[in-house]
Protein chains: 2
Amino acid sequence: MNERLAARGFRFTSQREHVYKVLLQERDHPTAEQVFLRAKKGLPDISMATVYNCLDALVKCRLAREVNVDRTAMRYCPNMQDHFHFYCDTCGGVFDIECLAGAHAGEFAIPKGFAARRYEISIHGDCPKCSTKSSRAKRNDS
Amino acid sequence: MNERLAARGFRFTSQREHVYKVLLQERDHPTAEQVFLRAKKGLPDISMATVYNCLDALVKCRLAREVNVDRTAMRYCPNMQDHFHFYCDTCGGVFDIECLAGAHAGEFAIPKGFAARRYEISIHGDCPKCSTKSSRAKRNDS
DNA sequence: CTAGGTGCAAAAGGTTTGCGGTTAA
DNA sequence: TTAACCGCAAACCTTTTGCACCTAG
């Protein structure tokens, strides 16, 4: 990662290294706060601001992506392959969904004149664990 | 809209009526604050909290949708037909994109066990106005 | 040596909440 | 009549910023 940081003019610091390691360790799309709590185990003096700074640096040098779900806290994802996300309505988990390469560009009726640069697809529903649970429980929801 | 509100146990109030009218009037996906400013013209004493309450009621009784762009303020959209959004990177505008009915369900390699309930597709790029402007200007961006 | 990074605390931006008074049904 | 709603202000949560000190290059 040193080269990646350097390529964009960022310095290599122990905090950035550690935050990246934390991100790679448990690929569950943690929020900044979750990263902060995990990072503190190895680097007890790290601050929230530094975690944000480190995550920002990782995003800028393309070692991580930001993942947005509704208005909840930003989540971070070190999977840089082209992929989408599945959001579980029940447990709140975020799962990577592989993207069938280049399959989408022509799919939408984008009116003339719009210059599309980036697609983002989110799929909401129940993850395998929660979908078997809820079909067993047959719970009544709002 | 009275029936729609009543159907979900909401009362019909002048504030809710007015906020809905404001939303229909200018379909540019305004933020709560923009709705607030526009609503004040007709209802000078309305408060931000009430605007949030009204928008929330409209969303809950399916007269409006919430539209999320990155981490900016929530936007509101009274177009209840199935559609996606195009976000202009240059002017920040949000545009409705018609959805080719049911065209997407099979497109993604969703692993077995995931129960998809809702798809959300955002397309980022330049709107017609900005894309002609930028091709004329040939500006160097970050 | 020094530009950039760190940690802290305080502020910002968007949204939600608690509360006393008001109103639709 | 009364539960729901309103307006206000204060709280809340996530993210950003200002600043003094520190450190990688």
Side-chain angles (χ1 to χ4, degrees), chain A residues 1-20 22 29-61 63-76 92 94, chain B residues 1-20 22 29-61 63-76 92 94:
Chain A
M1 69 179 285
N2 199 332
E3 321 79 60
R4 278 300 196 81
L5 286 165
R8 305 246 161 192
F10 289 107
R11 287 193 188 155
F12 178 84
T13 66
S14 58
Q15 287 88 341
R16 286 178 178 161
E17 178 181 33
H18 190 64
V19 163
Y20 188 44
V22 160
H29 306 79
T31 62
E33 177 150 26
Q34 288 173 307
V35 172
F36 172 60
L37 293 174
R38 292 174 196 175
K40 276 216 288 202
K41 287 176 194 158
L43 238 44
D45 288 340
I46 199 170
S47 73
M48 199 62 198
T50 297
V51 168
Y52 274 109
N53 168 345
C54 293
L55 289 170
D56 201 50
L58 292 174
V59 169
K60 290 223 175 79
C61 67
L63 288 165
R65 287 172 62 178
E66 297 183 311
V67 180
N68 228 208
V69 204
D70 301 325
R71 303 204 62 71
T72 60
M74 185 71 85
R75 292 164 177 281
Y76 295 85
V94 181
Chain B
M1 68 179 284
N2 199 331
E3 320 80 61
R4 278 301 195 79
L5 286 166
R8 304 245 162 192
F10 290 107
R11 286 195 191 156
F12 178 84
T13 66
S14 58
Q15 288 88 343
R16 285 177 180 162
E17 179 182 31
H18 190 64
V19 162
Y20 188 44
V22 160
H29 305 81
T31 62
E33 177 150 28
Q34 288 174 306
V35 172
F36 173 60
L37 293 174
R38 292 174 196 175
K40 276 216 289 201
K41 287 176 193 157
L43 239 44
D45 287 342
I46 200 171
S47 73
M48 198 64 198
T50 297
V51 168
Y52 274 110
N53 170 343
C54 293
L55 289 170
D56 202 48
L58 293 175
V59 168
K60 290 224 176 78
C61 67
L63 289 165
R65 288 171 60 176
E66 298 183 310
V67 179
N68 229 206
V69 204
D70 300 323
R71 304 204 63 70
T72 61
M74 185 72 84
R75 291 162 179 281
Y76 295 85
V94 181

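Nothing here was measured: the structure is a model prediction, and the numbers come from that model. The figures here come from the full heavy-atom set of this structure, side chains too, leaving out hydrogens, waters and symmetry mates. In what follows, chains are A, B, ... by sequence order, proteins preceding strands, each numbered from 1.
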Under 3.5 Å, is there a donor-acceptor pair between the side chain of B/Arg4 and the main chain of B/Cys61?
yes
So what does [X] hit on the nucleic acid, given a heavy-atom distance under 4.0 Å: a base, only sugar-phosphate, or nothing?
X       : result
A/Thr13 : sugar-phosphate
B/Ala73 : sugar-phosphate
B/Met74 : sugar-phosphate

[X] [atom1] to [N] [atom2]: how many Å, rounded?
X       : N      : atom1 : atom2 : answer
B/Asp56 : C/dT17 : CG    : P     : 10 Å
A/Arg75 : D/dC13 : CZ    : P     : 16 Å
A/Ile46 : D/dC22 : CD1   : C1'   : 15 Å
B/Asn68 : D/dT14 : CG    : C1'   : 14 Å
B/Asp45 : C/dT23 : CG    : C1'   : 15 Å

Let's see if you can work this out: which of [options] has an atom nearest to the side-chain heavy atoms of [X]?
X       : options               : answer
A/Arg11 : D/dT14, C/dT6, C/dT2  : C/dT2
B/Ser47 : D/dG7, C/dT2, D/dC5   : D/dG7
B/Cys54 : D/dC6, C/dT6, C/dG5   : D/dC6
A/Met48 : D/dT15, C/dT6, D/dC8  : D/dT15
B/Gln15 : D/dG7, C/dT6, D/dC5   : D/dG7
B/Tyr52 : D/dC5, C/dG7, C/dT16  : C/dT16
A/Phe12 : D/dG25, D/dG7, C/dT6  : D/dG25
A/Ala49 : C/dT15, C/dC8, D/dT14 : C/dC8

Side-chain N or O of A/Arg71 versus OP1/OP2 of D/dT14: is the shortest distance under 4.0 Å?
no
Does the side chain of A/Arg65 reach to within under 4.5 Å of the side chain of A/Tyr76, using non-hydrogen atoms?
no
Looking at side-chain heavy atoms only, is the closest gap between A/His18 and A/Ile46 below 4.5 Å?
no
Exercise: identify the closest heavy-atom pair between A/Glu66 and A/Met74:
CB-SD, 3.6 Å
Specify the closest pair of heavy atoms between A/Val35 and A/Pro30, including all atoms of both residues, with the distance to one decimal.
CG2-CG, 3.7 Å
